[in-house]
There are 2 protein chains.
Amino acid sequence: MNKLKLLAVQETRQRLAQNGLKVTPQRVVILETIMQMKNHPTVEQIYERVSADHPNISLATIYKVMATFVEKGMVQTMLTSNDIKMYEPNLEPHFHIYYTDSNSIEDYFDDELSDMLNNYFRKKNIANLNISDIRVHILAKSTA
Amino acid sequence: MNKLKLLAVQETRQRLAQNGLKVTPQRVVILETIMQMKNHPTVEQIYERVSADHPNISLATIYKVMATFVEKGMVQTMLTSNDIKMYEPNLEPHFHIYYTDSNSIEDYFDDELSDMLNNYFRKKNIANLNISDIRVHILAKSTA
DNA sequence: GTGTCTGCAAAATCTTTGCAATACC
DNA sequence: GGTATTGCAAAGATTTTGCAGACAC
């Protein structure tokens with residue numbers, strides 16, 4: 001294991017601990033794996049990828065660990081345009097473009113939009129509403 | 001059946017036909033039912049409600065009919081904050097507020113926001129992107 | 001040491017399918 | 001009449017559960 005990888009694992013362990021979770025090898029591997037998968041993985045895909053290196057980690061564990069991560073707010077769930085549940089491990093503010101013709105999803109980073117929305121809701125100040133996140137899905141056909 | 005209800009059924013039949021669908025009694029009942037359910041019903045809830053008046057309509061039919069409606073763009077799917085799939089029959093432009101403490105979802109109508117987003121993306125004019133819909137989910141704790 | 005987590009296999013849940021009968025256009 | 005739709009029951013897919021052993025803290 002090289003230095004870079006060691007560092008990543010170190011950060012992963014810290015992140016688990018910070019969220020009040022016991023640092024088990026399974027959780028480390030799963031969190032590492034999903035952080036590297038940039039394409040909003042499904043349970044199936046996570047299991048496939050994790051199994052490749054760690055055939056002893058069971059599917060039930062993937063389910064349980066992912067549920068725990070969601071509960072802790074470390075990842076989010078969303079539907080693919082095919083209506084399959086998938087995970088979003090990237091917690092940096094960003095949005096999603098759903099391509100309805102190809103059934104694919106792309107991350108869309110746009111600070112200007114983030115600011116605009118945040119300002120709008122700050123000004124609007126909806127009564128009794130404590131906003132924790134604003135998610136935007138753009139449905140589009142690519143006309144390339 | 002009173003006049004009001006007859007009118008509604010008439011409109012439903014037209015809407016089915018306009019979407020190129022054969023007007024079957026099952027489709028009429030299901031579409032009528034979901035239009036009346038203002039709370040983003042799950043398959044389960046639709047079936048329950050439909051069954052009450054029409055015990056002969058099968059669950060498989062609900063699944064098939066709802067899939068057809070989604071395909072035709074007559075309804076949309078989304079996840080509850082509990083990660084259960086539900087349907088959104090209201091196609092007027094509007095947004096959703098997810099209350100993360102109570103796991104409930106509320107429709108949020110805001111023309112100003114609609115306009116702001118539409119203008120933003122019109123100006124931005126993202127290359128090769130033909131936007132058909134912009135969905136906003138606001139995650140919030142109600143601090144009432 | 002204690003309580004949480006994992007792996008296994010079984011159970012429960014959810015969704016789709018094949019096909020014969022039916023109903024729409 | 002021809003084709004699409006329905007209902008049924010069974011199959012398939014997905015997710016959860018119970019529990020014994022293992023492990024983190």
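In what follows, every chain begins at residue 1, and chains take the letters A, B, ... in the order their sequences are listed. No hydrogens, no waters, no symmetry mates; every other heavy atom, side chains included, goes into these values.
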* Asked: What is the distance, rounded to the nearest whole Å, between atom NZ of A:K72 and atom P of C:dT4?
  -> 12 Å

* Assign the ring pair A:H94 / A:H40 to parallel, tilted or perpendicular, where the plane angle (0 to 90°) is split at 30° and 60°. => parallel

* Asked: Taking OP1 and OP2 of D:dA4, is either one under 4.0 Å from a side-chain nitrogen or oxygen of B:T24?
  -> no

* Asked: What integer distance in Å separates B:M86:CE from C:dC14:C1'?
  -> 18 Å

* Asked: Would you say C:dT16 has OP1 or OP2 under 4.0 Å from some side-chain N or O of B:Y63?
  -> no

* **Atom pair distance, as rounded to whole Å: CG in B:L16 and P in D:dT5** => 11 Å

* Specify the residue among A:P55 and A:G20 whose closest nucleotide of DNA chain C lies further upstream toward the 5′ end. => A:G20

* Over 12 foreign heavy atoms within 6.0 Å of CG, A:N39 -> no

* Asked: Would B:Y99 and A:N130 count as having a side-chain donor-acceptor pair, cut-off 3.5 Å?
  -> no

* Structure fact -> Taken to the nearest whole Å, CG/B:L59 to C1'/D:dT5 is 16 Å

* Just compare D:dC8, D:dA4, C:dT15 and give me whichever is closest to any side-chain atom of B:K22. => D:dA4

* To do: Specify the residue among B:V43 and B:K64 whose closest nucleotide of DNA chain C lies further upstream toward the 5′ end.
  => B:V43

* What integer distance in Å separates A:I84:CD1 from C:dT15:C1'? -> 12 Å

* To do: Measure the distance from CD1 on A:I62 to C1' on D:dT16 and round it to the nearest whole Å.
  => 15 Å

* Asked: Tell me: CG of B:L21 to P of C:dC25, nearest whole Å?
  -> 10 Å

* **N/O (side chain, B:S58) to phosphate O (OP1/OP2, D:dC8) under 4.0 Å** => no

* Contact under 4.0 Å: B:Q26 side-chain N or O vs C:dC24 OP1/OP2 -> no

* Going hydrophobic residue to hydrophobic residue with side-chain gaps under 4.5 angstrom, can you get from A:I134 over to B:I134? -> yes

* Asked: When you match A:E44 and A:A60 each to their closest nucleotide on DNA chain D, which lands nearer the 5' end?
  -> A:E44

* Asked: Please give, in whole Å, the distance from C:dT4 P to A:R27 CZ?
  -> 11 Å

* To do: Kindly indicate whether the side chain of B:L113, heavy atoms from C-beta on, has any atom under 4.5 Å from the side chain of B:F95.
  => yes

